[in-house]
Amino acid sequence: MDYFKRKKIKDILYNNISREEYQDIVVLGWVRTKRVSKNIAFIELNDGSTLHNLQIVFLESEKFPLDNISTGTSLRVKGYLEESEGREQSLELKAEELTIIGDAPADYLLQKKRHSFEFLREIAHLRPRTNTFGVINRFRSKLANVIHSYFQSRGFYYIHSPIITTSDAEGAGDLFQVTTLDLNNLPLSEDGSVDYSSDFFGVKAGLTVSGQLEAEVLATALGDVYTFGPTFRAENSNTSRHASEFWMVEPEMAFCELDEMMDIIEDFLKYLFRYSLEEAKEEMAFFNKWIDNERIKILEDIISADFERITYTEAVKILEKADAEFEYPVKWGIDLQSEHERYLTEKHFKKPIMVTDYPKEIKAFYMRLNDDDKTVRAVDCLVPKVGEIIGGSQREERHDILLKRMKDMQMDIDNYQWFLDLRKYGTVPHSGFGLGFDRILMYISGMSNIRDVIPFPRTPGNARF
RNA sequence: UCCCCGAUAGCUCAGUCGGCAGAGCAGAUGGCUGUUAACCAUCGUGUCGCAGGUUCGAGUCCUGCUCGGGGAGCCA
């Protein structure tokens, strides 16, 4: 199939091919569009290596089997590269041999025009062949790689937290249950509840909603660690920002307090944005042109801004004095609504902000209690247009205080004995945060629906493909 | 889960006051041109989301359902 001989179109168009090789080029790809006339014909070929197509020129076009070629057809073309006479490309391939690998009948659904994202979601097996989804999938790969390079270059270890868990993932959402029991014939205990002792793991199990607790285990052994993997939430959320299966980045740092972690959050986000602008120019230019023409400026503005840091209490004071009508009135103790978050980051500060020290009642059990006994060392990072993009906290490292908090919240202590042990033996202050990978992709690209940055999105009622 | 909006040709959509179902694009055929979302001419395309109801007559009005979109909550 000339797998090793062929040249990728990206290398051809980005001048990674030496002049000596110009005379003997093989490319393999899919037809995007064809223009045929009596004496000359053109095909735009795409092989997925880049957004851009290679123009194939057929001089003496009647010698080639062009009638059988349409949008979507896969081809092998052999020829030689030359400077183009046309205006819109520098190099083009003059064809000498043409082989049709797989034809594409007239009912091929992708036309050479814009399709709606809603329609393309219904043909998720074909949409990666479009410009937009090609760019997104390549960018997704690149950004995943950058997340690894950020942490690896700073001495963090990449850890694999379990995907199947048996802890009740306190407060992080509903679990998808994992079982091998026969659902039509469930073993029951005497009280009528399901008897899990004969289930695969001997206890009730589910898919992970967060790798954080396990990340804390590794952080208190390896120092700095991060997870980057799939996360599952069985919540009936029907929004453009929620998926039932998504990817999350969760760094966890030993000997790190909240203020130090906030430095990392700011540096981390700016690193991702800077990388996107400098190293993914093709993708960013595409997003800026076709998805949201403010995108590049928004990222540039964030990179050059210092993130504002305020406490929840200060935020509430600002909102109470705000000259704005809120649907939900503000008072100390409530969780901030997205209208409040948007006011703070878009209207008041007009830049990214990090809000800290929330009331303990509205945050998770593992967050470190402040001396006021009312607030915990949590942080939400809010950015204009999107709202919360990162949530994190300094963890409660004091054994007795954590135990009391768990008892107050009536948690099953036995299930978390291992978590308490981290505080019993050589405890250290430590902090961590969670970044929704798909959401940062949305933010950088300007795509407004999470279903369009995940190749095969899973949402309530939909797990096709 | 709650609120609002929508569903008509392969795609994007129009369809007035309830009175014979429309356009552009895509596709097919022919022509033409170093073309580039090519261009010109000709041709075909319907379970009007599903199930009921009102009516002489429903794409149009009413009810229920399904699916999709936007917003909210939950969160990442």
Side-chain angles (χ1 to χ4, degrees), chain A residues 32-45 52-59 61 67 70-72 82-89 92 94 104-123 126 130-131 169 171-174 208-212 227-250 290 327-328 335-339 341-342 362-364 380-382 386-392 433-443 448-454 459-462 464:
Chain A
R32 283 298 176 80
T33 179
K34 176 184 76 166
R35 297 177 287 274
V36 180
S37 61
K38 197 178 293 177
N39 300 315
I40 191 166
F42 304 90
I43 281 177
E44 302 277 333
L45 199 72
H52 302 293
N53 304 320
L54 178 65
Q55 173 160 285
I56 316 288
V57 183
F58 299 87
L59 306 168
S61 55
D67 285 351
S70 58
T71 301
E82 270 191 354
E83 305 291 327
S84 177
E85 294 173 31
R87 285 169 288 123
E88 302 191 10
Q89 61 280 318
E92 62 187 18
K94 296 287 199 316
D107 59 359
Y108 184 60
L109 287 169
L110 292 179
Q111 304 169 0
K112 39 186 175 181
K113 66 162 201 171
R114 268 176 90 87
H115 288 291
S116 68
F117 290 151
E118 291 82 4
F119 170 67
L120 291 171
R121 273 172 221 154
E122 293 168 15
I123 52 169
L126 297 174
T130 64
N131 285 342
D174 297 325
T208 182
V209 295
S210 168
Q212 180 201 313
T227 72
F228 185 13
T231 307
F232 308 89
R233 306 250 169 113
E235 263 155 4
N236 194 10
S237 305
N238 290 289
T239 80
S240 56
R241 291 190 200 76
H242 290 83
S244 309
E245 175 183 310
F246 61 98
W247 281 61
M248 189 152 62
V249 183
E250 293 179 289
W290 295 104
E327 190 184 341
Y328 297 88
D335 208 353
L336 297 181
Q337 304 293 314
S338 52
E339 60 175 343
E341 296 178 343
R342 258 184 273 119
I362 59 174
K363 288 293 180 183
D380 281 356
C381 181
L382 312 176
V386 161
E388 181 177 344
I389 201 163
I390 279 178
F433 64 89
L435 169 81
F437 180 63
D438 315 280
R439 285 194 181 168
I440 194 77
L441 266 174
M442 290 171 71
Y443 186 68
S448 55
N449 196 311
I450 199 167
R451 295 171 182 86
D452 296 328
V453 298
I454 300 175
T459 51
N462 197 343
R464 285 185 68 208

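Side chains included, hydrogens not; waters and symmetry mates left out as well; all remaining heavy atoms used. Quick note on labels: first sequence line is chain A, next is B, and so on, each numbered from 1.
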**Report entry** nucleotides 43-49 of chain B: protein proximity per nucleotide (B base, S sugar-phosphate only, - neither; heavy atom, under 4.0 Å)
**Finding:** -------

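rU55(B) and rC61(B) have their C1' atoms separated by 10 Å, with the value rounded to a whole Å.
Distances shorter than 4.0 Å separate none of the side-chain N or O atoms of Q111(A) from OP1 or OP2 on rG27(B). OP1 or OP2 of rG70(B) has at least one side-chain nitrogen or oxygen of N449(A) nearer than 4.0 Å. Between rG73(B) and T239(A), no contact under 4.0 Å exists linking OP1 or OP2 to a side-chain N or O. Applying the 4.0 Å criterion to OP1 and OP2 of rC67(B), one finds that R464(A) has every side-chain N and O outside that range. For S116(A), no side-chain nitrogen or oxygen approaches OP1 or OP2 of rC11(B) to under 4.0 Å.
Across rG70(B), rC74(B), rC11(B), the shortest atom-to-atom separation from the side chain of S240(A) is found for rG70(B). The listed nucleotides are rG68(B), rG73(B), rG34(B); the one nearest the side chain of S237(A) is rG73(B).
Taking a pair as Watson-Crick or G-U wobble with both distances under 3.5 Å, RNA chain B forms stems of 3 or more consecutive pairs at B:1-7 with B:66-72, B:10-13 with B:22-25, B:27-31 with B:39-43, B:49-53 with B:61-65.
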N/O-N/O pairs, protein side and nucleotides 38-40 of chain B side, under 3.5 Å:
residue : atom : partner : partner atom : Å
rA38(B) : OP2  : R35(A)  : NH1          : 3.1

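We find that CD1 of I40(A) is positioned 5 Å from C1' of rG34(B), with the value rounded to whole Å.
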